[in-house]
Amino acid sequence: MRAFELSILGICFFAALIAAGRAHDDVFAIHCLIAAAAAAFFFYRRMDASERIDYSATGYADGVVRAGVIATVFWGVIGFAAGVYIALQLAFPVLNLDLPWTTFGRLRPLHTSAVIFAFGGNALICTSFYVVQRTTGARLISNDAAWFVFWGYQLFIVLAATGYVLGGTQGREYAEPEWYVDLWLTVVWVVYLVVFGGTILRRKEPHIYVANWFYLSFILTIAMLHIVNNLTMPVSFLGSKSYSAFAGVQDALTQWWYGHNAVGFFLTAGFLGMMYYFVPKQAERPVYSYKLSIIHFWSLIFLYIWAGPHHLHYTALPDWAQTLGMVFSVMLWMPSWGGMINGLMTLSGAWDKIRTDPVIKTMVVAVGFYGMSTFEGPLMSIKDVNSLSHYTNWTIGHVHSGALGWVGMISFGAMYYLTPRLWGRERLYSLRLVNVHFWLATIGIVLYAASMWVSGITQGLMWREMSPFGVPVWSFADSVAAIFTYDLIRAAGGGMYLIGGIIMAYNLYRTVRGDVRAEAPMHGATSDAPSSVAAE
């Protein structure tokens, strides 16, 4: 088997080199060279059998989870830094420079994909591998396949990012990579499904814990969304350019069926799986209501899939489809808040931990932002509200309150929970640095979201103000000048969030080294460690 795998990798290496030499454009050529380097890397790893078996003292396959934690933190800092830079570009256009790959148009998808798919995706993959083993009592079905998912996903991230800065994208929101990158991600995702689903099938526990339901729905639905939305025809099999299989309003509807459900299943369902495992574990309390968690799951996944058309209000999409999307979006408020209440009420009898444990405090704020964002989203889907908010910074504020407040904070909490346990440390290097990170991130989100709410409403009101002669009172340039101060506040909030991420990276690095900072316990706690870090 090893000889067969090495032969395939060798063929891929030489095929990529040949394709690079015959490529029809620079983007495809560079990506072929990256693919050749990846094939050589995989060849080296298959020759070195030192990590074929990498089980922790508990008997679980945790090597790939440790790698996922490192990748999550690394890509998070990269994504946050890119976001701060493009925020400054909006305030100071001179920062676009004269180089095509430094412009806002190319760096913006780099930022969104780095935060959503690189930071968020790695967080989901590594936590799902950790959670599924602990809740089923079974090791991953294949350690090698799990490592393929990890490294294959990193290759996807690199191909996508280089494509953005080189100008080789489909121009589809949250789905910019070109056809061959999409095909590679499909292969990786199928293996991911096999590893996760196969581990559940070989479980020793008769019951499937609710976190695994959320993770599984995320994996399955994203696979369906990805395949349908990225149905394209390449212009050449030796070039990067392709054209969508859909056109006109059908293409728009497919895009936002994908786009909104990428939010619903990648950024919501997957991270709810994270919430349902790590919040009870860190709080040392059972889930408040397991029945409510099941109702939350089934109602959420049924309603979310229909909500995408609310992104296309007042367009060529038939009015009945717009109304359908709006109605299902408003209905989503109920199961979403059911999940938020379940997460918060899990702390019943343990609310004092918020004073002494900044990790649980981070998770609680994440759940709070989940509730706020899932109230604001249905509100913005209502046609009359959407007529004011759409195309404005209000939407940007909404997206970031969810991405930074919910996705970011719950991921931070999970990384703080995992690191000492995965590396066998007594506790984190510094709980007080966790507290500093918490306040920087929280204040940064508030500054960011509040400034975007105000600037978005300002934009919407200026754009709709008409003179008695029926012409706009304000030009677009006037609205840009009016929100300059809010752009500065946005950049400042993002900068605070970035600094918090760097502090987290430093804290986790020192934790992995085994260092422990001498510091007073948090706010009257009797111990430096708020909870036991026993092996699971």
Side-chain angles (χ1 to χ4, degrees), residues 76-116 119 164-165 171 173-174 176 263 311 369 372-373 376-377 379-380 385-409 439-465 472-502:
V77 173
I78 296 297
F80 305 151
V84 172
Y85 187 75
I86 63 173
L88 290 170
Q89 283 182 323
L90 291 174
F92 305 103
V94 68
L95 293 176
N96 282 264
L97 308 179
D98 292 328
L99 303 172
W101 51 84
T102 62
T103 59
F104 179 88
R106 294 194 181 182
L107 293 181
R108 187 264 178 182
L110 176 70
H111 158 64
T112 55
S113 291
V115 172
I116 296 172
F119 168 67
Y164 301 155
V165 296
E173 185 73 354
Y174 307 139
E176 286 91 348
V263 173
H311 288 268
F369 270 104
M372 185 191 72
S373 298
E376 186 182 29
L379 173 68
M380 296 173 70
V385 179
N386 194 266
S387 67
L388 174 67
S389 69
H390 204 37
Y391 306 118
T392 73
N393 281 343
W394 186 355
T395 304
I396 309 304
H398 166 63
V399 169
H400 282 78
S401 67
L404 302 182
W406 160 237
V407 171
M409 296 294 262
W439 284 111
L440 281 170
T442 302
I443 296 172
I445 298 165
V446 171
L447 288 175
Y448 192 113
S451 64
M452 291 298 95
W453 290 332
V454 176
S455 70
I457 294 173
T458 299
Q459 288 174 316
L461 292 175
M462 291 180 72
W463 295 346
R464 65 165 52 182
E465 187 174 355
V473 172
W474 306 100
S475 69
F476 184 79
D478 291 330
S479 68
V480 172
I483 64 171
F484 175 73
T485 301
Y486 305 118
D487 284 339
L488 293 181
I489 297 173
R490 184 225 313 247
M496 294 178 70
Y497 201 87
L498 169 62
I499 293 170
I502 294 171

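The basis for the numbers below is simple: all heavy atoms, side chains too, and nothing from hydrogens, waters or symmetry mates.
- From S401, atom OG reaches atom CD1 of I396 across 11.5 Å, with rounding to the nearest 0.5 Å.
- By the 4.5 Å heavy-atom criterion applied to side chains, M409 and I445 are counted as neighbours.
- Counting all heavy atoms, side chain and backbone alike, V84 lies closest to G495 at CG2-N, 3.6 Å.
- Looking at heavy atoms from C-beta onward, F92 lies in side-chain contact with L488 at the 4.5 angstrom threshold.
- The shortest side-chain heavy-atom distance between N96 and T102 does not fall under the 4.5 Å cut-off.
- A donor-acceptor contact closer than 3.5 angstrom is absent between the side chains of Y174 and T112.
- Among all heavy-atom pairs drawn from P109 and E176, the shortest one is CB-OE2, 3.6 Å.
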Decide yes or no on side chain to side chain contact (heavy atoms under 4.5 Å, CB included) for L461 and L388, but give the supporting numbers first. CA-CA 7 Å; L461 292 175; L388 174 67; 4.0 Å; yes

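- Counting heavy atoms from C-beta outward, P472 and E465 have side chains that stay 4.5 Å or more apart.
- Of all heavy-atom pairs between G79 and A114, the closest is CA-CB, 3.6 Å.
- For W474 and Q459, the side-chain atoms include no donor-acceptor pair closer than 3.5 Å.
- Remark: side-chain polar atoms of T392 are paired, donor with acceptor, to backbone N or O of S389 under 3.5 angstrom.
- R490 places none of its side-chain heavy atoms less than 4.5 Å from the side chain of L447.
- Remark: the R464 side chain and the S387 side chain contain an N/O donor-acceptor pair separated by less than 3.5 Å.
- Shown are D478, I483, V480, V473; of these, the side-chain contact (heavy atoms from CB on, under 4.5 Å) with M462 is made only by D478.
- You'll find the side chain of T395 reaches within 4.5 Å of the side chain of M380, heavy atoms only.
- The ring pair (Phe, Tyr, Trp, His ring centres under 6.0 Å) check on Y497 picks up F80, F412, with sequence neighbours excluded.
- Rounded to the nearest 0.5 Å, atoms CE (M496) and CG (L440) are 5.0 Å apart.
- Nearest heavy-atom pair, V77 versus L498, reported as atom, atom and distance to 0.1 Å: O-CD1, 3.7 Å.
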| message | side chain to side chain contact (heavy atoms under 4.5 Å, CB included) for F369 and L404? Distances and angles first, verdict last. | response | CA-CA 9 Å; F369 270 104; L404 302 182; over 6 Å; no

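- Once rounded to the nearest 0.5 Å, the distance linking CG of L95 with CZ of F104 reads 12.5 Å.
- Taking both residues in full, the closest heavy atoms of S373 and H398 are given as O-CE1, 3.2 Å, listed atom of the first, atom of the second, then distance.
- For the pair V385/W394, a side-chain contact is recorded, criterion being any heavy-atom separation below 4.5 Å from C-beta on.
- Between S479 atom OG and N393 atom CG the span is 9.5 Å, to the nearest 0.5 Å.
- Residues Y164 and L107 are not in side-chain contact: their nearest non-hydrogen atoms beyond the backbone lie 4.5 Å or more apart.
- Closest heavy-atom contact between D487 and A91: CB-CB, 4.0 Å.
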